[in-house]
Every structure is written in C-alpha cells, then in structure tokens.
Protein chains: 2
Amino acid sequence: MTIKDIADRAGVAKSTVSRVLNNSGYVGIETRKKIEQVIAETNYLPSAMARSLSKQESRTIGVVIPEADNTFFGEVLRGISEVVDKNNLTMIFCNTENNQSKEQKALRMLQEQRVRGLILTPTADYGSPKEARRLKTALDRLNVPILLLDRKVQNPQWDGIYYDNFGGAYQATEALIQAGHKKIGIITGDLSQFHGRERFRGFKQAIYDSGLSVDPAYIYEGDFTTQKAYELTRQMIASGNMPQAVFLSNNLTSLGFIKAIFEVKMRLGKDICCIGFDYVDAFDILNIGFSYVERDTINMGRMAMHMLMDRIAQPDLPRREHIISASLMLRGSERWSE
Amino acid sequence: MTIKDIADRAGVAKSTVSRVLNNSGYVGIETRKKIEQVIAETNYLPSAMARSLSKQESRTIGVVIPEADNTFFGEVLRGISEVVDKNNLTMIFCNTENNQSKEQKALRMLQEQRVRGLILTPTADYGSPKEARRLKTALDRLNVPILLLDRKVQNPQWDGIYYDNFGGAYQATEALIQAGHKKIGIITGDLSQFHGRERFRGFKQAIYDSGLSVDPAYIYEGDFTTQKAYELTRQMIASGNMPQAVFLSNNLTSLGFIKAIFEVKMRLGKDICCIGFDYVDAFDILNIGFSYVERDTINMGRMAMHMLMDRIAQPDLPRREHIISASLMLRGSERWSE
DNA sequence: TTGTAAGCGTTATCAC
DNA sequence: GTGATAACGCTTACAA
C-alpha cells in the first residue's frame with residue numbers, strides 16, 4: 001500500500017491524498033470524505049521513512065544506555081519512553097554494556113538513521129583526555145542536539161541532567177553527624193567515575209564543615225559492587241576499629257554492607273549506623289529501617305526528554321545543566337535506637 | 001553530506017560511489033582508493049532511510065515490552081539488544097505500561113516505520129475474544145514476522161518463546177512433596193494471565209500425581225504483587241491453619257510472603273517451608289536460604305532474537321514455539337532443617 | 001480545489 | 001569499469 005494506491009482507488013492525485021494526510025492546503029469536502037474512506041478501508045499508514053526523506057526531518061530520537069538490565073536505567077527508560085510517545089516520536093534504543101566500542105558503533109548507527117536528537121549515558125568515565133576526545137568527535141559528527149544523562153564527562157559542551165551526587169552524599173553525612181556520630185566512615189564507589197568522586201567529595205565536605213576531620217582509617221575504597229562492599233565490610237569488622245556510622249555509596253554497596261553486618265549478627269542502630277545512596281526495595285520489605293538518599297528516577301527520564309525537545313526546538317539556547325536534588329529518607333538506621 | 005557530494009569530490013558518478021559503499025560490481029582500484037579517501041575525510045555515512053526506501057527493505061526491528069522498569073524485561077532487553085547489534089540491525093523500542101491503547105499506538109508506529117520484524121510481549125492476557133481479535137487485527141496489518149515473548153495469547157498464530165511455567169511450578173511443588181510435606185499451599189499469581197494459570201496448574205498437577213489432594217483451604221489467590229501476597233500471608237497466619245510449605249508464584253509474591261513471615265518472627269525451615277518462582281537478589285545477599293525456580297532471562301532475549309531472524313529468513317517455516325525449561329535452585333527453604 | 005512535476009538520498013539497470 | 005537514469009514513497013511548489 002502506497003500513497004499512489006490510495007490515490008488511484010479514490011480517483012485523485014497523490015498530492016491530494018498527501019494533503020488530507022497532512023491536513024495541509026485545501027481539499028474539497030467530498031474528496032476528503034472519499035479519501036478518508038479509502039484510507040480506512042485499506043488501513044493505509046504512510047511510510048515514515050519516505051516521509052522523513054522528503055521532508056528532510058526525522059521524528060526519531062536515539063537513546064544510548066550502558067546497562068539495560070540495571071533497574072536505575074530501566075526506570076529512566078520508562079520515563080523517556082513516556083514522553084517520546086506522548087510526542088509521537090520514535091525511539092531507537094542501544095545498550096552499550098559499558099563498552100566503548102559498542103558505544104561508538106551505536107553512535108554511527110544513529111548517524112545513519114539521521115536521528116533528530118540523542119540522550120546518552122556514556123559508557124564509563126571519560127577521564128582520560130584521549131577517550132574524551134574520541135567521544136567528542138563521534139558526537140560532533142552526529143551533529144544533533146545531545147543530552148548527557150547521569151554521567152558527566154570533562155568539560156561537556158552538551159546539555160546534561162544529573163543527580164546532585166555531591167549534595168546527596170553531603171546531606172546523608174550531615175545526618176549522621178547530627179545523629180551524634182563522631183567516627184564516621186565511608187565505602188566509596190568507583191572513584192574513576194564522576195559520580196563516585198562526587199559522592200566521596202560530598203562526604204568529606206560535610207565532615208570538614210562540621211569541624212570534624214576525615215579519618216583515613218575509616219575510608220574504604222569500593223567500586224559500586226556488592227561483592228567489593230561485602231569484602232570491605234568484613235575487613236572493617238576484622239580491623240577491630242569500627243566506625244560508628246558508615247555512608248554507603250550506592251545501592252549495591254548497601255547490599256554488600258548489610259550482608260556482612262548481618263552475617264556477624266550486628267544490629268543496625270545498635271552496633272552500627274548507616275545511610276545509603278539509593279533505595280533498596282528488599283530492605284523495605286524486610287522491615288529493615290534503612291535510611292537512604294532518594295532519587296526520582298522515572299521523572300529523571302521524563303525531564304531528560306523534555307530538555308532534549310527544548311534544545312531541538314531552540315538550538316541556540318545557551319548550554320543547560322539540570323541538577324536534580326536528592327532528598328533524604330530517614331528510617332532509623334542513621335542513629336542509635338533508644 | 002550525501003552520496004552526491006562524495007561523488008563530486010571524488011570526481012565520479014553517484015553510482016560508482018554506491019558500488020564501493022556496497023561492494024557490488026566492478027570498481028577500478030584507483031577509483032576505489034580515491035572514493036574511500038573522500039569518504040574517510042568527510043566522515044560520510046549513508047542515510048539508512050534513503051537506503052531502505054530504495055532497496056525496499058528495512059533493517060529495523062520493533063520491540064514492544066509492557067514494563068521497561070521490571071528487571072525481568074530489562075534483562076530480556078539486554079539479550080535482544082546484544083543480538084540486534086551483532087547483526088547490524090536497529091531496534092525501535094516501545095514500552096506499553098501494560099496499557100492496550102498504548103500497545104495499539106505502538107503497533108501503528110511500527111507499521112509506519114516498516115519494521116522488518118517484531119518481538120512482542122502483549123500488555124495483558126488477551127483472554128477475552130474481543131481483545132484477542134483486536135490484537136490479531138493489528139498484528140495482521142503489520143504483516144511482518146512476529147515473535148511473542150513470555151506471554152501467550154489464545155491460539156496464537158505466531159512464533160513464541162515462553163518459559164515452562166507449568167513445569168517450573170510442577171518441579172517446585174514436587175520438591176516440596178519429596179521433602180515430606182503433606183499440607184502444601186500456594187499463593188497464586190493473577191489467574192487472568194496465562195502464566196498465572198499455568199503455574200497454578202503445575203502446582204495442582206504435581207499434587208495429584210503424588211497421590212495427595214489439593215486442599216482448598218491452602219489455596220490463596222494472589223495477583224503477582226508484593227502487597228497482595230503480604231496480605232494473604234497474614235490471613236494465612238491468622239487462620240490458625242497454616243500449611244507446612246507454600247509455593248510462591250513469582251518474585252514479588254515471595255517478597256510479600258517473606259515480609260509477613262518475618263514480621264511474626266517465623267523462621268524458614270523451622271516454622272514454615274517454601275519455594276518461589278524466580279530469583280530475588282536480596283534474599284541471597286541476606287543469606288536467607290531461599291529455594292526458587294530459576295530462569296535464564298538474558299538468554300531468553302538472545303534466543304528470541306534468533307528465532308525472529310530465522311523466521312525473517314524463512315517466512316514459510318511452520319510455526320514454532322520454544323519453551324525454555326526452568327531449573328530448580330534448592331537452598332534449604334524447601335525442607336525442615338535438622 | 002486539484003493535478004503535475006521536481007526533489008529527498010539511495011540503489012539498480014542499463015548502455016557505453 | 002563507469003556513468004546516466006529510473007525507481008523507491010512521500011511532500012511541496014507551482015500551474016491549471
């Protein structure tokens with residue numbers, strides 16, 4: 001079924017059909033009726049490809065994510081998707097599995113598809129200048145509006161939406177201090193990643209600002225995985241020099257920490273206190289009163305898409321960054337229970 | 001940048017450039033060199049739209065999923081995505097949020113995009129003939145190879161890949177029987193959904209086959225949510241007539257069950273036994289020896305994509321259904337601990 | 001109010 | 001070996 005077929009069956013020219021399809025220009029009431037009838041009968045839908053080619057504009061946006069099987073990105077994806085189809089756009093999805101060459105390949109593909117814009121969470125930290133340059137080159141070639149999501153690169157020239165990692169960690173740490181703790185520790189995330197560093201920085205700043213000082217003995221360098229956090233917590237216990245309270249740098253870190261703590265029958269709020277970054281559904285369900293820094297992930301996806309659309313509509317806007325502030329959910333694990 | 005620009009810069013005709021792009025037909029060694037050089041210099045990439053239009057074939061496949069923020073589908077998505085880009089295809093992604101009208105809209109969009117094939121998990125059970133007909137109509141219109149994933153509809157005419165829900169539940173229940181339990185209960189899933197019914201059926205069959213009989217008092221009709229499972233378990237406890245062991249119909253059901261059990265300080269393997277359907281990462285981490293029916297989800301995505309590609313390559317193949325058998329992970333919760 | 005025809009960026013079929 | 005040229009399915013001046 002093509003527009004030509006419709007035109008023939010309705011006994012008119014292609015251009016007339018096109019006019020009713022696009023509600024553009026004048027079409028006689030009778031002709032319109034006839035054409036609409038034929039379209040309905042045949043279930044004709046115009047080819048988006050042909051349309052884009054002719055109009056020289058695409059209604060497709062690319063979404064490149066590093067971990068499709070991570071709940072965080074699943075929720076972001078849901079938010080993006082919601083706005084995408086509210087605006088009758090089409091989403092091309094790529095999962096890079098945190099692999100730079102897959103990322104490069106995805107970007108080439110999106111260029112071939114002539115996407116209208118792109119939401120991207122880069123594969124890893126582009127800390128090294130060489131890698132950063134490589135990404136920049138690929139994105140410049142793409143030459144469309146781009147929005148960075150959740151992971152910042154050095155001196156980005158693109159719009160971005162991020163969580164306030166510094167602020168979230170700062171608030172959490174501050175809450176621990178206000179709860180009266182003096183010996184406060186941290187299991188950091190991967191410090192080669194931007195948000196890992198930011199959270200660590202927030203932690204330290206809160207300590208300094210309170211007049212306490214950061215004790216190196218209480219700093220455990222993790223990597224955002226459950227396993228590593230578990231091992232570090234065991235070391236912490238074995239060291240015989242436990243902090244009173246610990247800041248946990250992400251949800252997986254929280255899991256590893258709790259696992260190790262529970263194994264030796266330590267009790268939250270009795271033997272040790274903590275605050276984590278991000279919600280862990282299981283803790284809630286198991287009635288562990290676990291305090292954490294909360295983020296509204298689905299909404300992050302929605303906002304991301306809106307920012308991208310703004311940029312598409314107004315390419316000359318100054319660069320924008322949106323920092324979503326995190327909020328604290330205190331459920332008890334941050335302080336000694338009476 | 002278009003093929004024309006490349007042709008001009010290389011001092012040849014478009015058709016010659018096209019030949020080197022596609023490695024088709026003869027091209028003089030010198031001419032080829034020159035053209036390749038221009039392409040490299042300009043970072044030219046041909047338009048996929050124009051290409052598809054001209055070739056009359058698309059390299060795009062549609063993926064329609066009901067819950068992007070559900071880990072299960074996140075993992076499936078990862079598997080699909082892996083095969084998609086190994087084959088240089090493009091994936092258009094839609095999230096229906098279990099909403100039939102969003103699903104219909106997504107299918108129309110995919111038709112406009114002239115996708116080459118489609119992987120679909122329908123929004124809900126199309127139990128009612130009217131709804132089933134509506135889906136069939138939309139899919140027939142699409143007129144491309146289709147693969148149903150995880151959720152079966154009545155008398156499907158399409159290929160499908162599903163888990164062996166019946167078998168998984170059967171095995172789990174059998175394990176409870178072999179552990180010596182006589183009073184065996186179930187919290188079912190949503191029985192209006194196919195897999196809910198299948199799991200229930202597997203449970204009942206295992207009981208019959210063992211010579212026991214299903215006691216209606218031990219059948220709790222849930223809906224696959226944590227909340228409902230929690231409430232039912234509380235009822236179960238309050239009833240004063242607890243079964244010895246319970247089969248839990250999905251991961252959320254397991255969470256609700258465990259929450260209720262733990263609240264009243266019942267101990268797994270001491271006061272009550274159980275087996276769940278699907279892994280719950282938190283249980284593992286908290287060292288609850290939780291037994292469950294395991295599924296390899298990422299691989300399901302990979303297999304789905306392979307089946308779709310087979311179908312695209314050979315449209316006349318007889319209809320195929322792939323049932324992935326589940327396996328049992330016994331970690332202790334299924335039997336009384338010594 | 002409608003039809004004709006050129007053009008969007010490719011590929012494919014011819015001649016040369 | 002290479003270059004015109006006609007598709008592919010649509011939109012959009014412009015003419016009628």
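Here the structure is a predicted model, which is why all the values come from computation and not from measurement. Numbered from 1 within each chain, the chains take letters A, B, ... in sequence-line order.
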Hey, what are the protein-to-nucleotides 13-16 of chain D N/O distances that come in under 3.5 Å?
none

ask   = Near DNA chain C, under 4.0 Å by heavy atom, which residues of residues 25-34 of chain A?
value =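 By residue number: Tyr26(A), Val27(A), Gly28(A), Thr31(A).
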
query = Mind checking what makes salt bridge (Lys or Arg N to Asp or Glu O under 4.0 Å) contact with Asp5(B), not counting sequence neighbours?
reply =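 Not a single residue meets the salt bridge (Lys or Arg N to Asp or Glu O under 4.0 Å) criterion with Asp5(B).
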
key: Donor on one side chain, acceptor on other, Lys105(B) and Asn88(A), under 3.5 Å   =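 Yes.
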
query = Excluding sequence neighbours, so at least two apart, what forms side chain to side chain donor-acceptor pair (under 3.5 Å) with Thr96(A)?
reply =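 Partners of Thr96(A) under the side chain to side chain donor-acceptor pair (under 3.5 Å) test: none.
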
message = Please enumerate all residues that pass side chain to side chain donor-acceptor pair (under 3.5 Å) together with Arg141(A), with sequence neighbours excluded.
response =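 With neighbours one apart ignored, the set is Asn43(B).
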
Nearest heavy-atom pair of [X] and [Y]: which atoms, and what distance?
X         : Y        : value
Asn95(A)  : Asp85(B) : O-OD2, 4.2 Å
Val115(A) : Ile61(A) : CG1-C, 4.2 Å
Arg114(A) : Pro46(B) : NH2-C, 3.7 Å

inquiry  = Any side-chain N or O of Ser47(A) below 4.0 angstrom from OP1/OP2 of dC10(D)?
reply    =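 No, because none of the side-chain N or O atoms of Ser47(A) sits under 4.0 Å from OP1 or OP2 of dC10(D).
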
Keeping the roles fixed (side chain from [X], backbone from [Y]), state whether a donor-acceptor pair exists under 3.5 Å.
X         : Y         : result
Asn165(A) : Glu198(A) : no
Asp159(A) : Leu147(A) : no
Arg311(A) : Leu317(A) : yes

task = Mind calculating the distance between NZ (Lys4(B)) and P (dG3(D)) to the nearest angstrom?
result =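 One finds 12 Å between P of dG3(D) and NZ of Lys4(B), rounded.
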
key: Nearest-angstrom distance from the residue atom CD of Gln113(B) to P of dG9(D)   =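 Whole-Å distance recorded here is 16 Å.
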
Name all pairs fulfilling the side-chain hydrogen bond (donor to acceptor under 3.5 Å, both in side chains) condition that reach into [range], sequence neighbours left out, sorted by first residue then second.
range                     : answer
residues 24-37 of chain A : Asn23(A)-Arg32(A), Gln37(A)-Glu41(A)
residues 63-77 of chain B : Arg78(A)-Asp69(B), Glu67(B)-Asn70(B), Glu67(B)-Asn98(B), Glu67(B)-Arg151(B), Glu75(B)-Thr297(B)
residues 50-60 of chain B : none

task = Check every nucleotide of DNA chain C for an atom under 4.0 Å from a heavy-atom of chain B, then give the first and the last such nucleotide from 5' to 3'.
result =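 Here the contact window of chain B covers dG9(C) to dA12(C).
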
Contact list (N/O, under 3.5 angstrom) for nucleotides 6-8 of chain D vs protein:
unit_1	atom_1	unit_2	atom_2	d
dC8(D)	O3'	Gln56(B)	OE1	3.2
dC8(D)	O3'	Gln56(B)	NE2	3.2
dC8(D)	O2	Ser54(B)	N	3.2

Extract all donor-acceptor atom pairs below 3.5 Å that involve side chains of residues 7-19 of chain B and protein atoms in other chains or at least two apart in sequence.
unit_1	atom_1	unit_2	atom_2	d
Asp8(B)	OD1	Lys4(B)	NZ	3.1
Asp8(B)	OD2	Lys4(B)	NZ	3.2
Ser18(B)	OG	Asn22(B)	ND2	3.4

key: Global bending angle along the helix from dT1(C)-dA16(D) to dC16(C)-dG1(D), which compares the axes of five pairs at either end, to 10 degrees   =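 Its terminal axes enclose an angle near 50°.
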
request  = From the options Pro66(A), Pro122(A), Cys94(A), select the one residue that forms a side-chain contact (heavy atoms from CB on, under 4.5 Å) with Glu103(A).
outcome  =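 It is Pro122(A), the one option of Pro66(A), Pro122(A), Cys94(A) that forms the side-chain contact (heavy atoms from CB on, under 4.5 Å) with Glu103(A).
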
